[in-house]
Every structure is written in C-alpha cells, then in structure tokens.
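One structure below.
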Protein chains: 2
Amino acid sequence: MSRRVTSLDVAARAGVSQSAVSRVFSGASASKDTAAKVRAAAEALGYRPNVLARSLITGRSRIIGMVVAYLGNPFYPDALERFSRILQDEGYHTLVFTLPEGAGDTDTDRIVQQMLDHQVDGIILASVGLGDALAARCEAAGIPVVLFNRGQAGSGLAQVTSANRLGGAKVAEFLVAGNHARIGHVAGWQGSSTGRDRTEGFLDRLVALGTEAVGVEDGRYDHAEAVRATDILIAKGCDALFVGNDHMAFAVMDHLRFDLGLSVPGDVSVVGYDDVPMAAFAAYDLTTVRQPVGRMVKATVTGLLDQIEDTSARADITEIDGPLILRGSARIPEGLK
Amino acid sequence: MSRRVTSLDVAARAGVSQSAVSRVFSGASASKDTAAKVRAAAEALGYRPNVLARSLITGRSRIIGMVVAYLGNPFYPDALERFSRILQDEGYHTLVFTLPEGAGDTDTDRIVQQMLDHQVDGIILASVGLGDALAARCEAAGIPVVLFNRGQAGSGLAQVTSANRLGGAKVAEFLVAGNHARIGHVAGWQGSSTGRDRTEGFLDRLVALGTEAVGVEDGRYDHAEAVRATDILIAKGCDALFVGNDHMAFAVMDHLRFDLGLSVPGDVSVVGYDDVPMAAFAAYDLTTVRQPVGRMVKATVTGLLDQIEDTSARADITEIDGPLILRGSARIPEGLK
DNA sequence: CGTGATTTTGCACACCTATGCAAGCCTCGG
DNA sequence: CCGAGGCTTGCATAGGTGTGCAAAATCACG
C-alpha cells in the first residue's frame, strides 16, 4: 500500500506552497489561478485532506456523538437513521455510543470521557433512560448538547420534544368524546419527562372535562410492566386505556385480546403515543398521537449546529405538535366519523 | 475554556520526559517507579491522551465504519446496538454511515471516501441493499471488511450470515410434514445473496421431498411488494407461504387476515425468517427461522478485529445455524406437537 | 509612472503524540 | 572488581494540516 498523498505532494506538483494547498481546501482566500492549479494537481494525485490532522489543529472533528440506549423501541432507529442522513449531508458524522442496561454513574463517566477523547463537536442525547448526570457532565465539558425526545426542566439545556402535554390532552378529549366511562392510563416511565408530561397533560384535561382517571399505572416503557399495569386497570373495570407509547400499547393490545379474551375496541379502547410505522399495521391499527420524527430531528440538528457554529447561540426548548391519528383501536366519537 | 492538558504538562509535573508519559499510556515498557509518578501526575492534572494525535501518528483510529441502509427492518437496529456495545467494550467505536434510498455509484463513492477520510480501521457492511461496488472499493482501499448478513460469492471478502440455505430447507421440511398441498414462496429480494440462498434451500428441499412450489414471487423485502406477491400466490390457491423475512411476513399476515378475510393458520400457514422480537408478539405469533443475532454479531466483530490486528489473517466465510421456532402462524405437524 | 491600498503567497510554527536511536543505568556472572 | 547484556530513559523527529505574520504581487487611481 503506497503512502498517503499529502498536501506537500500536491504543492510540489502544482508549483505552489503547502499553505496554498491548505487554503484552497479549507475555503480560505486564493486566486483563481492557483486554485485551479491546486485542484488539478490534487485531482491528478487523488489527494484528500487528512481529516485527523485537520481536526487536531482546528479542534473541531465534525463528528457528533449520539447516545442511545433503547433501540428496541422502533421510534429510535427511525430517528437515528434520519439523524445520520441529515448530519452526513451537513458534512458531519455520527459516532454512536450505547449505554449499558443498568447504566450507573461509572458508565456515564466513561461514555463522557470517550466522547471528550474523540473531541466530538456536539452531542445528541436520544435516550429517555439516562439520568441528569450525563447531560450535566457534557455541559460542563463545554460541548453543545441537545436532548432529543427528552426534557429536563431548568437545566438550561437545549431540548426537542413533541408537545407531550398537549398530546396527552388530545387523548383525554378524544376518549371523553367517545363516551368512555372508566378511563385508565398505562403511563410512560415517570422517571422521564416525556412520560410525566404525557401523563400530566392527560390527567389535567380529564379533570378539566369534569371526569377523572380510574387508575394510573407506570408501565416504565417495558413490555412486562405494561402487561402487569393492564391487569390492574382492567380489574378496575376500565373500558379505555391511554398507553404511554406505542411499543407498550402493542403489548397491552395483545394481552387484552389474546390473554384476557377482550375485544379491542369493542370492550376496551386503546390509544398509544408515537405513531411508529407498526402502528399502521392492520393487526394493531392503533389510534395514536404522532410524534413528527422528521421535524423533531431537523429541529435537533439545526439547534445543535447553531450552538456549534455560534457559541453565543443559546439553548432553546422546542416542542413540536403532532396530530392524533384516528385508526381502529379506539371507539371513534360520533362527531368525528 | 482552559487549554487541554498535554503529555508535556504531565511530564513536567512528574519530572520525566514526554516520551516517558507516552510510553506509560501506550503500554510500552516503563519502570514501576516512573509509571507511578506519571500516573499520579496525570491523575492530578486530569490528563487524557489525545486520540486524534495518536491516530494521526499510528495510523489507526480505533473507529469502525458501519454502513446501514434498512433500519426499518427491526433486525438491523438490534444488530447495530449489539455491535456498538461489543465494539465499545473492545475499545473501538462505531461511525455510522447511511446509504441514501436509491444509492447509485456516486453515493457509494462518496461513502467510501468519507470512510477513508476518517481512516476507519475496519468496515462492517450491514446492508443487503448495496451493490458489490462498495465492498470492492473498500477492499481496494486496503481496509478490512466484513459483510454482515450478506454474502458475495467468490469475492474473497469475509462474511457472516446465518445458514440461509439450511434455514430454507428446514421450512420446506416443516411445511411438507404439515401436509400442505399447495406451497408458495414470497421470496426475499433476489438481488441479495440472503434472499437467493433462502429461496434455493427452500425450493431444492421441496424437490428432494418429491414436491414443488406452486409459485415464487419476489417480495423485494418491501411491504407493498409482499402484498402484491401474496395476492398472486393466493390466487394460485396456496395453503402455505414461506416469506423471505419476518418484516414481510407481518405484511403478508395482515393482508391475508384483514384484506382477504383468510384465517392464519386455518386457511393459510405462514412462516417467516429472522425471528425479530415482534415475531413473538401474540398478534402475529409467527413461526420463523431464528437468526442468532448475538452470535452473528460476535463472529463479525471477531473476524474483523482479527483482520485488523493480524493482516495475514484471511477473510473467512461464517455461517451460523439457527433453529426453526414453532409458533402459531403455521399448522404444526402431528409428530412435532 | 508612482504611490498607497489590497490581495496573494510563502515561511515557519503549532497541534500532540509515538517511536527509532543512542546513551545511561542496573544486574549478574566470572 | 570488571565487562557484557538487558532494561530505562531522553532526544529528536515524524505524522499532515491550519494560520499569523511579513514580504511580494496586484490593483486602483491620480
């Protein structure tokens, strides 16, 4: 394997200095003439600037660290794919960091260190599961951070979520309009802001509408927990369940239909949150609140790059509204048919 | 933001030379005494070696490029998560590259260039969709490559797949044993080796058993295509369908049940391939051939690291056998009950 | 054509670490 | 006590690029 061709080689061939080559490739000023000569020589030699050397000296790697922990929920792979694609188009790349199952502070520290080691220009935290520790440490290290699908009140960190409270409220309106008598809630993990917000919005709106939830059980975004929660709520006689995300909603529907022998939506209406692709599958045909992944991802990237390119740009909180998608898993009010 | 702590700072504080510091952190020989002094100083200053500078000089980045294109199929996120985790444990990291939808040669070239730019130590191609061009170019660039869940006959490239032919054969055995009279096949994309192999193994074994497929339609790993294929095969009177992967199988089952009003497995048996988590959901309860993701991932990483650390190690082809998982989407032969 | 303003260019250094080489140290056997 | 051999250590350089600075070249204009 022959040696890499360097900017010096190009300079020699083009009859200019190495700095001229550097300037041409880093977009600095250069005369039409030399730029042409340099490009020709580079083309002939197959020269490409060495990213490592460049990063070493500029201090910017054009790499974004992305922390994920929960790819089992199809919402996240979808987001990851979009992130990777957009960042690629912007000349950035995505370095993936996976948080171990029961992530303790030790793990968190290690991840942060590794990101610092690689001098990532920015960080996307796309995981509901991780504590505030990670975000705090990133911030302390002076690296721009955006929380994706996760909020953290008063942290001063940039964050992009869907309008979770409003979404929860929409479901409340919908179920009440559907004349459901006993409404229950399999909540998203109450340790996460998204989970809490959806729950709050839902419960508050119920009260505003003059009714109340028969029961609320934390499903912790977990299959088995969701089933357990369902049992409790059904025992209380619920005829409608708002489930904290689609992934749990599938488990709930399966349990209702195949273990408890109930009809959905005949006996029980089920509403989810996310609108992952599978929600449209006929087997579930899940009524759910859509999280507009595309717009959320775009907003996240924009916010992050703004922070990177203009350090004075400050972290803002973005909430993106998504519609309730009416399908067949919940009784549809007369007025909406 | 204060300047980074460098090995020179540590050297000064420890009263040794910079090279001593370097040697301690790169695992070269050093006396107990100096090692201790260096570590103490490093600890006190919060020193961490600069990965970029190190990579620049050693030529190894400890970064693995991972090319994906099809995260819609839940098989791949699962794999990606495992890859990231294992590589992390081995001191490597995962740089994700996403191939655009209709990836032409231009895109392929760009991706390869970007990987070269970042001097990735190795490449995992985890995408059925991409042509041979990408693999060839990577190989030409002298970077170790392993194809994951994708083969390429006679390419001389390392590859890890499940035993696709054998898997297809198992399904043939199973369906014949179940006394199915008219067996059809919604094939995986015939442009991919996995698709072809499964199909071959399936059809060959049918013949060996003295029967034959009523029809074979390419589902191209696509939802809509799978539905189209199903229509054709059902029109031919099939009472059993082997579907090229689980993701399509879900579409097929939904179509059979909710559009055509057929019972699964009452009227038609359906068997998939992959055993993604969703296959175990009660709504589908899909009989399918398991791809042992964990072992496939482990084999891929092992093979790749071997090639990286020992350039003489040559590419081998690994096939990992997986069992047929019996569930409720296909009639179970008397003998197996 | 001369002068000042402006752009272009080259020089040299910085970024931070790994490593070949030679010199220094220690150890051990005779 | 001496010499040989092995382990440590420091020196100096390489790896490839960006950038401040000053010199050179170009331009505009009177």
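Lettering follows sequence order; numbering is per chain, from 1.
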Could you state the CG-P distance from A/Asn50 to D/dA14, rounded to the nearest angstrom? 17 Å
Are B/Ile143 and B/Val120 close enough that some pair of their side-chain heavy atoms sits under 4.5 Å apart? yes
Side chains of residues 294-303 of chain B: which donor-acceptor partners sit under 3.5 Å, not counting sequence neighbours?
from	atom 1	to	atom 2	distance (Å)
B/Thr300	OG1	B/Met296	O	2.7
B/Thr302	OG1	B/Lys298	O	2.8

Given atom CG of B/Leu52 and atom P of D/dG18, what is their separation to the nearest angstrom? 13 Å
Return the value, rounded to whole Å, for the distance between atom CG of B/Asp117 and atom P of D/dT17. 11 Å
Considering every strand and a 4.0 Å limit on heavy-atom distances, what is the contact class for A/Ser22: base, sugar-phosphate, or nothing? base
Do the non-hydrogen side-chain atoms of B/Val67 and B/Met115 ever get within less than 4.5 Å of each other? yes
Here the pair of heavy atoms bringing B/Val21 nearest to B/Tyr47 is CG1-CE2, 4.3 Å
A/Ile57 CD1 - D/dG15 C1' separation (whole Å): 12 Å
To the nearest Å, how far apart are A/Asp9 CG and D/dT17 C1'? 13 Å
Report the relative orientation of the aromatic rings in A/Tyr70 and A/Tyr221; use parallel for angles under 30°, tilted for 30 to 60°, perpendicular for over 60°. tilted
Grab the CG-P distance between A/Leu56 and C/dT17 for me, whole Å please. 9 Å
Side chain to side chain contact (heavy atoms under 4.5 Å, CB included) with B/Phe97: which of B/Met66, B/Arg110, B/Gln114? B/Gln114
Atom CG of A/Leu8 and atom C1' of D/dG16: how far apart are they, to the nearest Å? 8 Å
Report all interatomic pairs (protein N or O, nucleotide N or O of nucleotides 5-10 of chain D) with separations under 3.5 Å.
from	atom 1	to	atom 2	distance (Å)
D/dT9	OP1	B/Ser31	OG	2.8
D/dT9	OP1	B/Thr34	OG1	3.2
D/dT9	OP2	B/Ser31	N	3.2
D/dT9	OP2	B/Thr34	OG1	3.1
D/dG10	OP2	B/Ser17	N	3.1
D/dG10	OP2	B/Ser17	OG	2.9
D/dG10	N7	B/Arg23	NH2	2.7
D/dG10	O6	B/Arg23	NH2	2.9

Would you say a side-chain N or O of B/Ser7 is under 4.0 Å from OP1 or OP2 of C/dC16? no
